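Comments concern the structure below.
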Amino acid sequence: MEGGDRARHKRAAADLGAWLVFEDESGQGLRPPKGRTWGRRGTTPVVTVTGGSNKRVSLAALIAIKPGCRPRLIYRMHKSRGKDRRKGFTEADYARLLDAAHQQLGGPIVVVWDNLNSHVSAAMAELLEARDWLTVYQLPPYAHELNPVELVWSHLKRSLANLAKRNLPQLAALVKTRLKRMQYRPGLLDGFLPSTGLDLTPFCNSQCRSARLRRC
């Protein structure tokens with residue numbers, strides 16, 4: 001997505017009166033992220049984890065923004081077990097996530113996401129074509145720093161540091177708790193946007209007058 005493309009997706013969202021939505025995926029296994037902690041002098045703290053397990057939860061999340069409305073975090077989770085051939089989200093899963101966001105946000109959506117195979121497949125193109133309230137733009141390759149949802153995952157991983165869970169349901173419950181906390185912190189979500197370096201002024205300025213008195 002070159003400079004002209006970035007400006008175009010912001011103008012498209014503004015012209016449609018749409019929510020501008022960033023999407024990304026992540027995952028977490030039973031082995032927790034490492035983090036610094038306190039311990040007795042000369043004794044390294046040890047966290048016992050479930051070894052040799054490839055069980056994990058796959059996550060897909062959206063950050064939705066619109067002038068005059070608080071930012072929203074919407075997510076879905078998929079539990080992947082050892083013999084589960086389905087390693088992550090399918091095209092149908094993404095379509096259901098976008099449908100849920102459309103229903104929750106109550107308006108058209110302009111989605112910005114990466115070039116994951118499931119995002120650019122023929123099956124996905126067909127699903128997107130059937131949704132006239134949806135416009136999609138791709139980020140340039142290897143440009144994860146432009147996506148504020150990356151900061152959601154970073155914040156989530158830090159909150160999970162050294163917290164080992166014995167099984168997948170326990171892990172899923174912990175991840176949901178952490179994400180729900182973020183959903184109720186619009187100031188935190190707002191803080192993720194400046195780190196991308198994206199200039200959202202064209203999007204904000206074109207809607208701010210009509211949005212001042214509207215509550216979402």
Side-chain angles (χ1 to χ4, degrees), residues 1 6 8-27 57-79 86 88-121 123-139 144 146-153 155-156 172 175-193 196 198 200 203-204 206-207 210-211 214-216:
M1 186 190 302
R6 290 196 293 268
R8 189 164 60 251
H9 83 250
K10 288 177 283 191
R11 288 196 300 269
D15 293 343
L16 293 169
W19 288 79
L20 182 58
V21 174
F22 295 89
E23 189 276 344
D24 196 46
E25 307 81 26
S26 185
V57 293
S58 297
L59 302 162
L62 313 170
I63 286 183
I65 60 172
K66 187 176 182 181
C69 301
R70 63 179 177 84
R72 307 288 183 85
L73 173 63
I74 302 170
Y75 69 91
R76 290 293 183 272
M77 179 184 300
H78 168 63
K79 301 175 186 177
R86 179 185 170 199
F89 288 83
T90 66
E91 288 87 347
D93 292 326
Y94 289 118
R96 283 191 288 269
L97 173 59
L98 295 173
D99 287 341
H102 177 235
Q103 183 176 9
Q104 182 173 334
L105 298 173
I109 295 174
V110 173
V111 172
V112 182
W113 60 15
D114 60 23
N115 294 276
L116 186 72
N117 290 340
S118 299
H119 293 168
V120 297
S121 68
M124 191 77 250
E126 185 176 348
L127 290 168
L128 299 178
E129 185 67 25
R131 290 159 171 79
D132 58 3
W133 44 265
L134 178 63
T135 305
V136 174
Y137 290 91
Q138 260 79 38
L139 288 166
H144 61 276
L146 297 178
N147 196 332
V149 185
E150 291 284 351
L151 277 298
V152 172
W153 305 138
H155 189 82
L156 174 65
V175 170
K176 285 182 179 179
T177 298
R178 296 294 191 262
L179 290 173
K180 284 183 178 179
R181 288 181 182 177
M182 280 190 264
Q183 286 179 319
Y184 289 100
R185 296 181 63 187
L188 176 66
L189 300 179
D190 263 333
F192 293 152
L193 297 171
T196 65
L198 293 174
L200 298 177
F203 171 59
C204 295
S206 60
Q207 294 197 41
S210 61
R214 185 178 65 248
R215 297 181 63 186
C216 301

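This structure is a prediction, so every number in the text was calculated from the model and none was measured.
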- Step through the shown structure and confirm whether more than 12 heavy atoms of other residues, nucleotides or ligands are within 6.0 Å of CD on Q183. yes

Does the side chain of [X] reach to within under 4.5 Å of the side chain of [Y], using non-hydrogen atoms?
| X | Y | result |
| --- | --- | --- |
| V112 | L146 | no |
| S118 | F89 | no |
| L59 | W153 | yes |
| L179 | V152 | yes |
| V21 | I74 | no |
| D114 | E25 | yes |
| V111 | L62 | no |
| C69 | W19 | yes |

- Task: List the steps, then state whether salt bridge (charged side-chain N to carboxylate O under 4.0 Å, His left out) holds for D93 with R96.
- Result: CA-CA 5 Å; D93 292 326; R96 283 191 288 269; 2.5 Å; yes

- Chi angles and distances behind the side-chain contact (heavy atoms from CB on, under 4.5 Å) call for D99, R131: CA-CA 9 Å; D99 287 341; R131 290 159 171 79; 2.8 Å; yes

Taking every non-hydrogen atom, the tightest pair across [X] and [Y]:
| X | Y | result |
| --- | --- | --- |
| H102 | G107 | CD2-O, 2.9 Å |
| A92 | L127 | N-CD1, 4.1 Å |
| H78 | G88 | CD2-O, 3.8 Å |
| E91 | S121 | OE2-OG, 2.8 Å |

- Query: In terms of ring plane angle, is the pair H119 and Y94 parallel, tilted or perpendicular, where the classes change at 30° and 60°?
  - Reply: perpendicular

- Where do K176 and Y75 land on the side-chain contact (heavy atoms from CB on, under 4.5 Å) test, with the steps shown first? CA-CA 9 Å; K176 285 182 179 179; Y75 69 91; 3.9 Å; yes

- Message: Would the distance check show the side chain of D24 and the main-chain N or O of A61 forming a donor-acceptor pair, the cut-off being under 3.5 Å?
- Response: no

- Message: Evaluate L189 against I65 for side-chain contact (heavy atoms from CB on, under 4.5 Å), listing each step before the verdict.
- Response: CA-CA 9 Å; L189 300 179; I65 60 172; over 6 Å; no

- Given side-chain contact (heavy atoms from CB on, under 4.5 Å), test M182 with L188 step by step and report yes or no. CA-CA 7 Å; M182 280 190 264; L188 176 66; 3.7 Å; yes

- Identify, with sequence neighbours excluded, every residue that meets side chain to side chain contact (heavy atoms under 4.5 Å, CB included) alongside A172. V57, M77, K79

